[in-house]
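Just so it is clear: chains get the letters A, B, ... in the order the sequence lines come, proteins before strands, and each one is counted from 1.
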There are 2 protein chains.
Amino acid sequence: MTDVRTESGTRARTRRAILDAAVDVLTADPAASLGDIATAAGVGRTTVHRYFPERADLLAALSKSAWDQVTEATERARPAEGPAAAALDRLCQEYFDLGRVLMLVFNDPQQYATADWDACSPADQSLLDLVERGHEDGTIDPRLSPLWVQNVLWSMLYSAWQYAQDAQVSRHQALDMCLYSLRKTLRP
Amino acid sequence: MTDVRTESGTRARTRRAILDAAVDVLTADPAASLGDIATAAGVGRTTVHRYFPERADLLAALSKSAWDQVTEATERARPAEGPAAAALDRLCQEYFDLGRVLMLVFNDPQQYATADWDACSPADQSLLDLVERGHEDGTIDPRLSPLWVQNVLWSMLYSAWQYAQDAQVSRHQALDMCLYSLRKTLRP
DNA sequence: CCGTAGCGGAACAGCTGTGTTCCACTCGTA
DNA sequence: TACGAGTGGAACACAGCTGTTCCGCTACGG
């Protein structure tokens, strides 16, 4: 009945509306109340509680949603194919498109850290593997450890999102800058 | 009487203790209560209110403190002397030492945005000037706009702090990685 | 030794967010 | 038309944080 997968069409739709609104509102103000989220979703606060009994449940669902999106994006980028540097390029582009959803799990990781997320996720792992492959095939600077590359990739993405907001620059241009800089950094 | 500059020795000391504790606690949990901060400072909650009547006053003082530290660090780096790339190196090192204080104003800029801070501060401005100088003297890649360099610098610093925490890596090594990567990115 | 500066703690009222319950409303559909 | 699913809103109790007041304590200097 309450199983997500066997939900009716309407229920699934309002559930999504709430989650989407939560992303919008919480990125703007991480301490926003459930009332704010409900309003943004065009929904009563009661309804929010119907779908997510406690605040933590909503946050967990949000975290899982983000996790799923990252996993899908990672698969789309086919990180194991071709030269490592090129694969990392694809990965970067895919992640960039996810946008705001990821700003959340960045800014307060401890908020959204659930059982799924805290451990080294498959997506994280495939990135680390990718970097090691790059060390071997000579397309990534061996002085840069996988963990450091991971850090730089994410923070560079963060920069790009910020840049697209602050400067009057298209998302495409911001991504270009990001890729250009990242390539220079990783180049052997 | 309540003027910060004419405070007695003891008052100045407890004021600092509260501010320091606030940095510690708020970096760990941005939504921490005043009680938590008071406890961390080894001080009664009443005392906190004696120095900072409202929460906003404490946050403003924190913001101002961070602002002052950034300004001092910027001056120490002498951003207008020598080749631009080298000056930016010095700037990066100075900023890195400020550490956690800056994580605060990053993570929720709208929290700490005061009249001083929101406008383009002298520190920000001298960084932007520095990059333009680098374009002219040929030590910084002209394809990278000043604003983008600013974004990258800060997020690279953030990476380094994160890296020093997560990986079992000394702060010095993290800074080395940061500088190495930044140099590669900015190189013409 | 006394007075004052500085502090801690208890107590209080007010506010905001949360979680819950209950009732009424509006749709589709059998 | 009657029914049930899905919803919104009002109302409530509860908890936590905040800001304030007041009282008692300690330490230090004249």
message: For a quick check, with a 4.0 angstrom heavy-atom cut-off, what is the B/S/- contact string for nucleotides 8-20 of chain D, read 5' to 3'?
response: BBBB-----SBBB
field: A/Phe96 backbone acceptor or donor facing A/Trp161 side chain under 3.5 Å
entry: yes
message: For residues 128-139 of chain A, which residue pairs pass the salt bridge (charged side-chain N to carboxylate O under 4.0 Å, His left out) check, not counting sequence neighbours?
response: none
A/Arg13 CZ to D/dG6 P, straight-line distance once rounded to whole Å: 11 Å
field: Gap between atoms CG and C1', on A/Leu58 and C/dG17 respectively (whole Å)
entry: 14 Å
CG on B/Leu127 to CH2 on B/Trp154, rounded to 0.5 Å: 8.0 Å
query: Among A/Leu182, A/Leu130, A/Leu88, whose side-chain contact (heavy atoms from CB on, under 4.5 Å) with A/Val149 holds?
result: A/Leu88
message: Let me confirm one number: the CG-OG1 distance from A/Leu19 to A/Thr14, rounded to the nearest 0.5 Å.
response: 10.0 Å
Please tabulate, one pair per line, each protein N/O and nucleotide N/O from nucleotides 24-29 of chain D that are separated by under 3.5 Å, including the distance.
none

- request: Could you run through nucleotides 25-30 of chain C and give me one letter per nucleotide, 5' to 3': B if any protein heavy atom sits under 4.0 Å from the base, S if only the sugar-phosphate is that close, - if neither?
  value: ------
query: Can a donor-acceptor pair be found between the side chains of A/Gln69 and A/Ser65 at a distance below 3.5 Å?
result: yes
task: Would you please say whether a donor-acceptor pair under 3.5 Å links the side chains of B/Thr185 and A/Thr185?
output: yes
Any B/Tyr51 side-chain N or O less than 4.0 Å from OP1/OP2 of C/dC7: yes
- prompt: Going by distance alone, is a donor N or O of one side chain under 3.5 Å from an acceptor N or O of the other, for A/Gln162 and A/Ser159?
  reply: no
message: Once salt bridge (charged side-chain N to carboxylate O under 4.0 Å, His left out) is applied, what residue pairs with a partner in residues 173-186 of chain A remain, sequence neighbours excluded?
response: A/Asp89-A/Arg183, A/Lys184-B/Asp141
Using atom types as modelled, flag every donor-acceptor pair under 3.5 Å from a side chain in residues 52-59 of chain A to any protein atom, sequence neighbours excluded.
unit_1: A/Arg55; atom_1: NH2; unit_2: A/Ala32; atom_2: O; d: 2.2
unit_1: A/Asp57; atom_1: OD2; unit_2: A/Glu54; atom_2: N; d: 3.0

